[in-house]
Amino acid sequence: MAWIIFLIYRCYHSTKYKMNFLFFSVHWADVVAEKLIEKGNEHTLATAITPSGPIHVGNLREVITTEAIYRALKDKGAEAKLIFIADTFDPLRKVYPFLSKEYEKYVGMPISDIPCPCGKHKNYAEHFLEPFIETMDELGINAIIYRAHEIYKKGAYNETIKTALDKADEIREILNTISGRNLPSSWMPFNIKCKKCGKMNGEIYKYDYPYAYYKCKCGYEGKADLRIGGIGKLPWRVDWPARWKIFNVTFEAFGKDHAASGGSWETGREISRKVFGYSPPMPLVYEFIHLKGRGAMHGSTGLAVATDEIIKAISPEVLRFLFMKYEPYRHIEFDPGMELLDLADEYGRYERAYFGIEEGKIKEAKRVYELSQPYGIKGNAPSVISYRHLAIIAQIAKNFGEAKKIIERSGIAIRNEEKLKERYEKVIYWLKNYAPEEIKFEVKKEMPEIELSEKEKKFLILLNKKFEELDWNAEKIHSTIHETAKISGISSRKAFQCIYKIILGKKNGPRAGYFLQSLGKEFIIKRINDAINLNHKA
RNA sequence: GGGCUCGUAGCUCAGCUAGGUAGAGCAGCAGGCUCUUAACCUGUUGGCCAGGGGUUCGAAUCCCCUCGAGCCCGCCA
C-alpha cells in the first residue's frame with residue numbers, strides 16, 4: 001500500500017518537473033511584458049535621465065531595460081510607447097569634478113539655462129544629452145524624446161502644479177509619514193525660478209491661485225503667475241508622480257536608490273494615488289553597474305564610463321547583450337579592459353547558438369540574442385572570428401584590408417564584411433584606450449634596447465643566412481626557426497623569445513610564422529642584422 | 001535605524017520562481033597542428049553549493065538563524 005502511494009507521489013512530482021521545464025526559460029523582458037498585458041493592451045513606458053554630467057553605462061541600463069520590455073510588448077501584439085524624458089530643468093547641484101570653477105555661479109540654475117562647457121551645444125544639458133541620444137540611436141533605441149524644461153514651458157505641468165499646491169498639506173503629510181521627514185507647515189511643493197538670479201531657489205510663502213508669492217535665497221521677493229509654464233519646478237518626489245499622470249505612464253524602471261524604503265517610489269506611489277488620483281505604473285527595480293573593483297558608477301564622482309565613449313570600443317549589440325543576459329535586479333561588474341573582450345566572445349557563442357552553428361545549452365540564447373540586436377537580425381551569422389583573435393590581428397595589420405587578408409589566410413570565412421569592419425574599428429579603439437598591457441604589442445620601428453646572449457646571437461646569424469634565401473611564407477619561416485634553433489643548440493622557446501625581443505621588445509608575441517610573413521622579408525632581415533650589430537658593439 | 005542584492009570550480013556566472021544524479025564559459029593542465037609561444041582543435045583537473053538548524057523519502061533550491069561582501073535610503077535627485 002505504502003509503495004503505491006509513494007509511486008503516485010513520484011508521478012505527481014515528475015509531472016510537475018516537466019511543467020517546470022516548459023515554463024523554464026522565459027526571458028525577463030517577456031515575463032514583465034506578460035504581466036503588463038494582463039493589465040491592459042496599451043502601455044506607455046517611461047525612462048528618464050538627468051543630463052547633469054556624462055551619461056554613463058549605469059544610466060544606460062534604465063533605458064535598455066525599459067526598451068527590451070517595450071520590444072517584448074510589441075512582439076506580443078500590445079500597443080506600446082517608449083518615452084525618454086531628459087530632466088533638463090533640474091538645477092545644477094554643485095560644481096562637479098569635471099567642471100571648471102567658473103560654474104560656481106551657475107549652481108542652482110536649471111541645466112538648460114547654463115552655458116555649454118565646450119561651447120558647441122545649445123546649453124549645458126544638451127552637451128551631455130546629445131552624445132547620449134546619438135548612442136541610443138546606435139543601440140537601436142527608438143524613444144520619443146522629451147526635454148523637461150520644454151514640457152514645463154509648454155504648460156503641460158500646469159494642472160498638476162495647481163493640484164499639488166492645492167493639496168500641499170496632503171503631500172507634506174505623505175512625505176513626513178513615509179520618508180520620515182519633518183517638513184515645516186510652510187513648505188510648499190513647488191520651487192520658483194527666481195526672476196532676478198535665475199536659480200530654482202524661490203520658496204513660496206503665500207499661495208493664492210493663480211499667483212504664488214516667493215522669496216529667493218538671493219534676497220529677491222516676487223510674484224509668479226502659475227498659469228505660465230516654466231516659471232518653476234515641482235520637487236523630484238512630486239514631479240515624478242505628476243509625470244506619470246501627464247504622460248499616462250504604465251511602466252517605469254528605476255534604480256534601487258528610489259526603491260529603498262521611504263524612498264521616492266514609496267512616496268510617489270502614494271502621491272500619485274491620493275493627490276493626482278492616478279494609479280501608479282508597474283515598477284521594476286534595477287541594480288547598479290559597478291566598475292570592476294571600483295564601486296558603483298556615479299556621474300558626479302567621475303567614476304563612470306560614458307556611453308558615447310564605450311560604444312567606440314564595443315559593438316552596440318554586445319553592449320545591449322551585457323544588459324540582456326542578466327536580470328535587471330542583478331548588479332553587474334563592468335570591466336572595460338580584458339573582460340570586455342570576454343563579453344564580446346560570449347556574445348559570439350550566443351550568436352553561434354542562435355544560428356545553430358554551435359551546439360550548446362545556453363539559457364534563453366535565442367531571445368537574448370534577438371533582444372541584443374539594435375536593428376533586428378540581418379542575414380546570416382556574421383564572421384565567427386573572436387574579438388580576442390581580432391585584437392591580435394588588428395595589431396599586426398596596418399589597415400582593415402590587410403587584417404581581412406590575414407583572416408582569410410587563416411581559413412576563417414568572412415560572412416559579413418561590413419560587420420567585421422565595424423568590429424575591427426571598435427577593437428582598434430579598445431586597444432588604444434582600454435586594453436591591458438599584456439595583450440598589446442607594438443612592432444618597434446627601431447631596434448629595441450635589449451641584450452642577447454652569445455648563443456642567441458649565433459642563432460640569429462645563422463637564421464639570417466637561411467632567411468635570405470628563403471621563399472617567404474609562414475610555414476617555411478616557422479620550420480626554419482625550429483631547424484635553426486636545433487642547429488644553434490638553443491631551445492625553440494628561447495629562439496622564439498629572441499625573435500619577439502628584437503621585434504617587439506617583449507618575450508612573447510603572436511604566432512611567429514604569419515607574423516614575420518606579414519612584416520615582410522626585408523624588414524626582418526634588416527632587423528636581425530641590426531640586432532647582431534648592436535650586440536657586437538655591446 | 002530601515003531597505004535591497006549577492007555568497008555555487010581559481011575567475012565570471014547558470015541552476016533556486018514550482019525540491020528529484022552539481023553545470024557552462026574563461027583560466028589551468030595535458031595533447032594536436034613539423035612548433036612547450038596570445039589563434040585554432042581535442043581531452044581534462046577543479047566544488048562540505050558561506051556556516052548552522054528546520055521541513056521532507058529526498059534540499060544548492062523552501063523556512064529560520066548566523067557569518068561574510070557590496071549597495072541604497074534616512075541631504076538633493
Side-chain angles (χ1 to χ4, degrees), chain A residues 2-3 5-6 9-10 13-14 16-17 19-26 31 48-50 52 87 90-91 93-94 178-182 200 233 235-237 239-240 254-267 285-290 292 295-296 299-300 325-333 335 338-339 341-343 345-346 348-350 360-364 384-386 388-393 395-396 406-407 410-412 438-441 475-483 485-486 491-497 499-500 506-515:
Chain A
W3 65 270
I5 292 168
F6 179 69
Y9 193 78
R10 280 299 287 259
H13 278 279
S14 60
K16 240 168 104 184
Y17 182 61
M19 294 273 291
N20 194 345
F21 189 71
L22 281 175
F23 296 102
F24 171 65
S25 51
V26 180
V31 173
I49 284 171
T50 308
S52 57
D87 280 314
D90 283 16
R93 298 286 155 205
K94 60 173 184 178
I178 297 178
S179 74
R181 289 196 202 184
N182 198 8
M200 285 285 190
K233 185 185 176 302
W236 163 248
R237 284 184 185 243
D239 182 294
W240 200 21
F254 45 89
K256 67 164 174 190
D257 49 342
H258 298 304
S261 89
S264 52
W265 163 246
E266 280 192 2
T267 54
V285 181
Y286 61 83
E287 255 284 356
F288 291 172
I289 315 277
H290 297 226
K292 186 87 180 179
S300 55
K325 73 170 186 142
Y326 291 113
E327 279 160 314
Y329 67 86
R330 310 271 313 200
H331 89 249
I332 295 175
E333 290 284 340
D335 171 21
M338 204 58 182
E339 278 182 34
L341 275 197
D342 291 337
L343 179 71
D345 288 334
E346 190 183 2
R349 280 196 299 281
Y350 277 68
K361 40 174 182 178
I362 308 173
K363 188 194 173 194
E364 269 304 289
V384 290
I385 184 163
S386 73
R388 190 178 287 264
H389 193 6
L390 196 55
I392 306 295
I393 290 168
Q395 292 181 85
I396 304 171
I406 296 173
I407 293 165
S410 59
I412 296 167
E438 69 206 65
I439 199 169
K440 283 201 266 189
F441 60 84
E475 274 179 42
K476 288 189 179 161
I477 293 167
H478 215 122
S479 49
T480 305
I481 294 169
H482 278 279
E483 280 168 27
K486 231 176 228 175
S491 68
S492 54
R493 180 188 173 82
K494 283 269 180 212
F496 281 100
Q497 282 183 352
I499 288 164
Y500 293 126
K506 291 172 77 175
K507 277 188 179 174
N508 46 28
R511 279 291 283 171
Y514 285 125
F515 185 46

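Here is how names work: the chains are called A, B, and so on, in the same order as the sequence lines, proteins then strands, and each is numbered from 1.
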Visitor: Whole angstrom is fine here: how far is it from CZ in F288(A) over to C1' in A69(B)?
Guide: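 So the two atoms are 18 Å apart, to the nearest Å.
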Visitor: Tell me: CG of L343(A) to P of G25(B), nearest whole Å?
Guide: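 Result: 17 Å.
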Visitor: Mind checking what makes side-chain hydrogen bond (donor to acceptor under 3.5 Å, both in side chains) contact with E266(A), not counting sequence neighbours?
Guide: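 E266(A): no side-chain hydrogen bond (donor to acceptor under 3.5 Å, both in side chains) contacts found.
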Visitor: In Å, rounded to the nearest 0.5 Å, how long is the span from CH2 of W236(A) to OG of S264(A)?
Guide: 5.5 Å
Visitor: Could you work out the separation of U5(B) and C76(B) based on their P atoms and round it to a whole Å?
Guide: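 My reading of the P atoms in U5(B) and C76(B) gives 25 Å.
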Visitor: Roughly how far apart, to the nearest Å, are C48(B) and A60(B) at atom C1'?
Guide: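 To the nearest whole Å, 12 Å.
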Visitor: Taking all atoms of both residues into account, what is the closest heavy-atom pair of V285(A) and K256(A), and its distance?
Guide: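 Distance-wise, the nearest heavy atoms are CG1-CA, 3.6 Å.
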Visitor: State, to 0.1 Å, how close G262(A) and S179(A) come at their nearest heavy-atom pair, and which atoms those are.
Guide: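 Answer, listing the atom of G262(A) first, then S179(A): O-CB, 3.2 Å.
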Visitor: With A260(A), which residues qualify under side-chain contact (heavy atoms from CB on, under 4.5 Å), at least two apart?
Guide: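 None.
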Visitor: Please work out which of the three classes, parallel, tilted or perpendicular, describes the rings of F254(A) and W240(A), given edges at 30° and 60°.
Guide: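 It falls in the perpendicular class, over 60°.
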Visitor: What's touching nucleotides 2-7 of chain B from the protein side, N or O pairs under 3.5 Å?
Guide:
residue : atom : partner : partner atom : Å
G2(B)   : O2'  : S261(A) : OG           : 2.7

Visitor: Who pairs with P328(A) by side-chain contact (heavy atoms from CB on, under 4.5 Å), at least two apart in sequence or on another chain?
Guide: W28(A), T65(A), L284(A), Y286(A)
Visitor: Taking atom C1' in both G47(B) and U12(B), compute the distance separating them and give it to the nearest angstrom.
Guide: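 The same atom, C1', in both gives a distance of 16 Å.
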Visitor: Could you tell me which residues satisfy side-chain hydrogen bond (donor to acceptor under 3.5 Å, both in side chains) with W265(A), sequence neighbours excluded, listed by chain and number?
Guide: none
Visitor: How far does the P atom of G46(B) sit from the matching atom of A38(B), given to the nearest Å?
Guide: 25 Å
Visitor: Rounded to the nearest 0.5 Å, how far does CD of E287(A) lie from CD of E327(A)?
Guide: 13.0 Å
Visitor: Excluding sequence neighbours, so at least two apart, what forms salt bridge (charged side-chain N to carboxylate O under 4.0 Å, His left out) with D87(A)?
Guide: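 Salt bridge (charged side-chain N to carboxylate O under 4.0 Å, His left out) list for D87(A), sorted by chain: R243(A).
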Visitor: Can you tell me how far P in U21(B) sits from the matching atom in C33(B), rounded to whole Å?
Guide: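 Those two atoms are separated by 41 Å.
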Visitor: Quick one: which protein N/O atoms are closer than 3.5 Å to N/O atoms of nucleotides 31-34 of chain B? Pair and distance per line, please.
Guide:
residue : atom : partner : partner atom : Å
C33(B)  : N3   : R511(A) : NH2          : 3.4

Visitor: Whole-Å distance between A39(B) P and L341(A) CG?
Guide: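 These atoms are roughly 11 Å apart.
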Visitor: Considering residues at least two apart in sequence or located in another chain, which fulfil the side-chain contact (heavy atoms from CB on, under 4.5 Å) criterion with V31(A)?
Guide: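 V31(A) satisfies side-chain contact (heavy atoms from CB on, under 4.5 Å) with V26(A) only.
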Visitor: For the P atoms, the ones on G3(B) and on A39(B), what distance do you get once it is rounded to whole angstrom?
Guide: 49 Å
Visitor: I'd like the C1' distance from G7(B) over to G15(B), given in whole Å.
Guide: 15 Å
Visitor: Taking only nitrogen or oxygen atoms into account, show me every contact under 3.5 Å that the protein makes with nucleotides 74-77 of chain B, one pair per line with its distance.
Guide:
residue : atom : partner : partner atom : Å
C76(B)  : OP1  : R181(A) : NH1          : 3.0
C76(B)  : OP2  : R181(A) : NH2          : 2.8
C76(B)  : O2'  : R93(A)  : NE           : 2.9
C76(B)  : O2'  : R93(A)  : NH1          : 2.5
C76(B)  : O2'  : R93(A)  : NH2          : 3.1
A77(B)  : OP1  : W236(A) : N            : 3.3

Visitor: Identify whether the glycosidic angle of G23(B) places it syn (within 90° of 0) or anti.
Guide: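 It is anti.
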Visitor: Could you state the atom-to-atom distance from CD1 of I499(A) to P of C35(B) in whole Å?
Guide: 16 Å
Visitor: Residues in side-chain hydrogen bond (donor to acceptor under 3.5 Å, both in side chains) with T50(A), at least two apart?
Guide: D90(A)
Visitor: Applying side-chain hydrogen bond (donor to acceptor under 3.5 Å, both in side chains), name anything that partners S52(A), two or more places apart in sequence or on another chain.
Guide: none
Visitor: Let me have RNA chain B in dot-bracket notation, would you? Count Watson-Crick plus G-U wobble pairs, both distances under 3.5 Å, and use [ ] for pairs crossing earlier ones and | for inter-strand partners.
Guide: ((((((((.[[[[.)....(..]]]].(((((.......))))).....[[[[[..)....]]]]])))))))....
Visitor: Which distance, rounded to the nearest 0.5 Å, do you find between the CD of Q395(A) and the CG of L390(A)?
Guide: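 Here the interatomic distance stands at 10.5 Å.
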Visitor: Determine the Euclidean distance between corresponding C1' atoms of C6(B) and C16(B); express it in Å to zero decimal places.
Guide: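 The answer is 14 Å between these two C1' atoms.
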